[in-house]
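Single-structure report; data block below.
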Amino acid sequence: GKPRVVVVGGGAGGATIARYLAKDSKGALDVVLIEPARTYYTCFFSNLYLGGFQTYESLGHSYGKLATEYGINVVQDYAVGVDRDAKSVTLASGTTLSYDRLVLSPGIDFVENAVPGWSTAAQHIMPHAYKGGSQTQLLQAQMAAMPQGGTFAMVAPPNPYRCPPGPYERISMVAHHFKTNNPTAKILLIDPKETYSKQALFEEGWNIHYPGMITRIGPDMGGGVIEVRPDTMEIVVDGEAEKVDVCNVIPAQRAGNIAAIAGVTDGNWAPVHPDSMLSKADENIYVLGDATNQGDMPKSGFSANSQAKVAANHIRGALTGSTVFPAKYSNTCWSLIAPDDGVKVGASYEPTAEKIASVESFVSQTGEDAALRKATYEESLGWYAGITTDMFG
Ligand code: FAD
């Protein structure tokens, strides 16, 4: 039969590569996409949902067109094993699928015991809301139910993690919600990092839009020493316990479990060749997106989508003899600070022998005028429409 490519994970990396393989090979490849969810809820723009700028429904995307218009075999299941010698994947249902090439784009899982007192068993009390879907809804419901003048706490993650500006965009959107609905609320940001993405832009924006509402406790002030107590809704910073009303714990991260099960990780992440996204551990396995250790690209949906196109081109070259073009990658991360106040950071990338290296970068500046910030926000709306169409058709 035709050569088969099995893709594990239908997110920014996986849905994109499945669609490009099917579309560009014009029927020459058998493309199988394994994803447990019927609807993919994007993490991108989930902060805007928290801020009241997007509906929950607008974040959801179905795999229907990938199956009906692109002929992809979408299998609603969960990959639980990879036999690299036999070149096969085992699914939770017990089915085994053989492959010529395997693509893993499973996103992230959390490092156990990264935040003392927190485990995934506590995520219904102290949500992470760092995977798409119900966790985002839970955090929104907790914010909406918070008493007047209550305290919202976030424990931010250490590097590297998915979406470097994500926690800070979330703080902005939570602050916007409270400014409108709960103006005496307090926000406590406990951060194990000295500095973070677009920091000057966020701090400027918080001073302008949410003066006095947000307190950041960085590592120099004890932010690195933290414990949470889900049973009593307390956080403990430097030995001092404080009761909070909502606690958003975003723990340290690692590649989605299946990458370690497949044996393609080195520590927390999966190393890949920078010119192809091919795993350094197996010449028949590609890894995309957040799960990878590739160099300078941030873990973002934009990055995963960009990497997927390079890998699709490489796989088609290997399996159908089509032309393989030199790899080029790009990324932009937009963040909304307040209504019509959008900022961005981005770069283009090329492979070197060692890594995917940043070539040219740009970032919004402090003090930009309102018209430019509004245009930047509007650009992000166009980006969201574009990437979701690129993923799901
Ligand atoms: P995902 O998109 O997470 O996809 C992984 C998929 O794999 C999931 O659907 C999962 O169900 C599936 N899966 C996992 N394990 C298995 C298995 N064993 N078998 C089968 N399926 C499996 N990025 C941007 O570019 N712009 C933004 O504005 C932005 N904002 C963000 C805001 C927040 C709050 C967060 C949390 C993230 C944001 N991101 C943003 C980051 C972006 O969501 C991720 O970087 C991106 O989704 C990574 O793509 P991926 O393919 O690696 O993983």
Side-chain angles (χ1 to χ4, degrees), residues 6-18 32-51 54 59 61 63 74-82 89-93 103-109 127-133 135-136 139 154 157 160-174 197 248 250 253 255-262 269-270 277 287-292 294 297-308 311 330-336 342-346 380-381 383-384 386-388 391:
V6 172
V7 180
V8 174
T16 303
I17 196 168
V32 182
L33 176 62
I34 302 162
E35 164 63 49
R38 209 175 272 283
T39 302
Y40 176 82
Y41 286 92
T42 58
C43 284
F44 23 110
F45 275 23
S46 65
N47 290 327
L48 275 65
Y49 158 69
L50 297 177
Q54 292 289 331
L59 305 177
H61 303 271
Y63 296 97
V74 181
V75 178
Q76 199 189 348
D77 208 330
Y78 196 75
V80 292
V82 175
V89 182
T90 310
L91 308 183
S93 61
V103 180
L104 301 176
S105 194
I108 54 152
D109 274 301
H128 52 77
Y130 231 65
K131 294 186 184 188
Q135 277 278 301
T136 317
L139 187 63
M154 172 192 284
Y161 62 94
R162 90 176 350 172
C163 195
Y168 311 97
E169 180 187 55
R170 178 173 293 171
I171 291 288
S172 309
M173 292 292 92
V174 169
S197 176
N248 174 207
I250 309 173
Q253 294 159 28
N257 285 335
I258 194 69
I261 290 169
W269 309 102
M277 304 306 291
V287 191
L288 304 176
D290 293 355
T292 60
Q294 37 67 23
M297 296 184 82
K299 297 183 187 301
S300 75
F302 197 131
S303 293
N305 171 263
S306 175
Q307 293 162 7
S330 57
N331 177 65
T332 303
C333 289
W334 286 269
S335 302
L336 186 61
V343 293
K344 63 180 174 180
V345 58
S380 78
L381 299 176
W383 167 77
Y384 186 91
I387 189 175
T388 50
M391 290 166 65

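Just so you know, residue 1 is the first one in the sequence shown, and it goes up from there. Treat the numbers as computed from the prediction; the structure is a model and nothing was measured. Each ligand, and each atom within it, is numbered from 1 in the order the structure gives.
- When the options Arg162, Glu169, Glu35 are ranked by their closest heavy atom to atom 11 (O) of ligand 1, first place goes to Glu35.
- Of the possible polar contacts, one joining the Arg170 side chain to the Ala129 backbone as a donor-acceptor pair under 3.5 Å is found.
- Tyr130 and Tyr161 have tilted rings, their planes meeting at an angle from 30° to 60° on a 0 to 90° scale.
- Under a 4.0 Å criterion applied to the non-hydrogen atoms of Lys299, ligand 1 contributes the atoms 45 (O).
- Within ligand 1, the atoms closer than 4.0 Å to a non-hydrogen atom of Val8 are 17 (C), 19 (N), 20 (C), numbered from 1 in the order shown.
- Taking a cut-off of under 4.0 Å to the non-hydrogen atoms of Ala304, the atoms of ligand 1 that pass are 49 (O).
- Checking side-chain atoms of Ser306 against main-chain N and O of Ser330 turns up a donor-acceptor pair under 3.5 Å.
- Close contacts between ligand 1 and Ile258 involve ligand atoms 18 (N) [criterion: under 4.0 Å to a heavy atom].
- Between Pro298 and Asn331, the closest heavy-atom pair is CG-ND2, 3.2 Å.
- Under a 4.0 angstrom heavy-atom cut-off, Trp383 registers as being in contact with ligand 1.
- Residue-ligand proximity: Pro36 is placed with a non-hydrogen atom under 4.0 Å from ligand 1.
- At least one heavy atom of Ser46 lies less than 4.0 angstrom from ligand 1.
- Scanning the protein for heavy atoms near atom 47 (O) of ligand 1, the closest one is Tyr40 OH, 3.4 Å.
- The shortest separation from a heavy atom of Ser300 to ligand 1 is under 4.0 Å, placing the residue in contact.
- A donor-acceptor pair under 3.5 Å links the side-chain atoms of Asn47 to the main chain of Gly166, judged by distance alone.
- Nearest protein heavy-atom neighbour of atom 23 (N) of ligand 1: Gly301 N, 2.9 Å.
- With hydrogens and angles disregarded, no donor-acceptor distance shorter than 3.5 Å links the side chain of Ser46 to the backbone of Thr42.
- What sits closest to atom 33 (C) of ligand 1 on the protein, heavy atoms only, is Cys43 O, 3.6 Å.
- For ligand 1, one of its N or O atoms has an N or O atom of Phe302 under 3.5 Å away.
- Considering all non-hydrogen atoms of both residues, Glu169 and Leu336 come closest at OE2-N, 2.9 Å.
- With contacts defined as side-chain heavy-atom distances shorter than 4.5 Å, the pair Leu59/Tyr49 qualifies.
- From the protein, the heavy atom lying nearest to atom 19 (N) of ligand 1 is Ala79 N, 2.9 Å.
- Ala304 pairs by the side-chain contact (heavy atoms from CB on, under 4.5 Å) definition with Ala12, not counting sequence neighbours.
- Atom 40 (C) of ligand 1 has Cys163 SG, 3.7 Å as its closest protein atom, hydrogens excluded (heavy atom only).
- With a heavy-atom cut-off of 4.0 Å, Asn331 does not touch ligand 1 at all.
- Taking all heavy atoms of Leu50, Thr39, Ile34 into account, the minimum distance to atom 20 (C) of ligand 1 is reached by Ile34.
- The distance criterion of under 3.5 Å between nitrogen or oxygen atoms is not met by Arg170 with respect to ligand 1.
- Close approach to Asn47 involves these atoms of ligand 1, each under 4.0 Å from a residue heavy atom: 32 (C), 34 (C).
- Looking at residues two or more places apart in sequence or on another chain, you find no side chain to side chain donor-acceptor pair (under 3.5 Å) involving Gln253.
- Ring geometry for Tyr40 versus Tyr63: interplanar angle over 60°, hence perpendicular rather than tilted (30 to 60°).
- Within the listing of ligand 1, atoms 52 (O) sit less than 4.0 angstrom from a heavy atom of Gly289.
- Proximity of Lys131 to ligand 1, defined as any heavy-atom pair under 4.0 Å, is not found for any part of the residue.
- Between Leu48 and Tyr384, every side-chain heavy-atom pair lies at or beyond the 4.5 Å cut-off.
- For atom 17 (C) of ligand 1, the nearest protein heavy atom (residue, atom name, distance) is Tyr78 CE1, 3.5 Å.
- Counting only distance, with no hydrogens or angles, the side chain of Gln307 and the backbone of Gly289 share a donor-acceptor pair below 3.5 Å.
- Protein heavy atom closest to atom 49 (O) of ligand 1, with residue, atom name and distance, is Ala12 CB, 3.4 Å.
- Ligand 1 has no nitrogen or oxygen under 3.5 angstrom from a nitrogen or oxygen of Cys333.
- At distances below 3.5 Å, at least one donor-acceptor pair connects side-chain atoms of Lys299 with backbone N or O atoms of Asp290.
- In Asp290, the parts holding a heavy atom less than 4.0 Å from any atom of ligand 1 are both the side chain and the backbone.
- Between Phe45 and Ser380, the closest heavy-atom pair is CZ-O, 3.4 Å.
- Of the protein's non-hydrogen atoms, the one nearest atom 4 (O) of ligand 1 is Gly11 CA, 3.3 Å.
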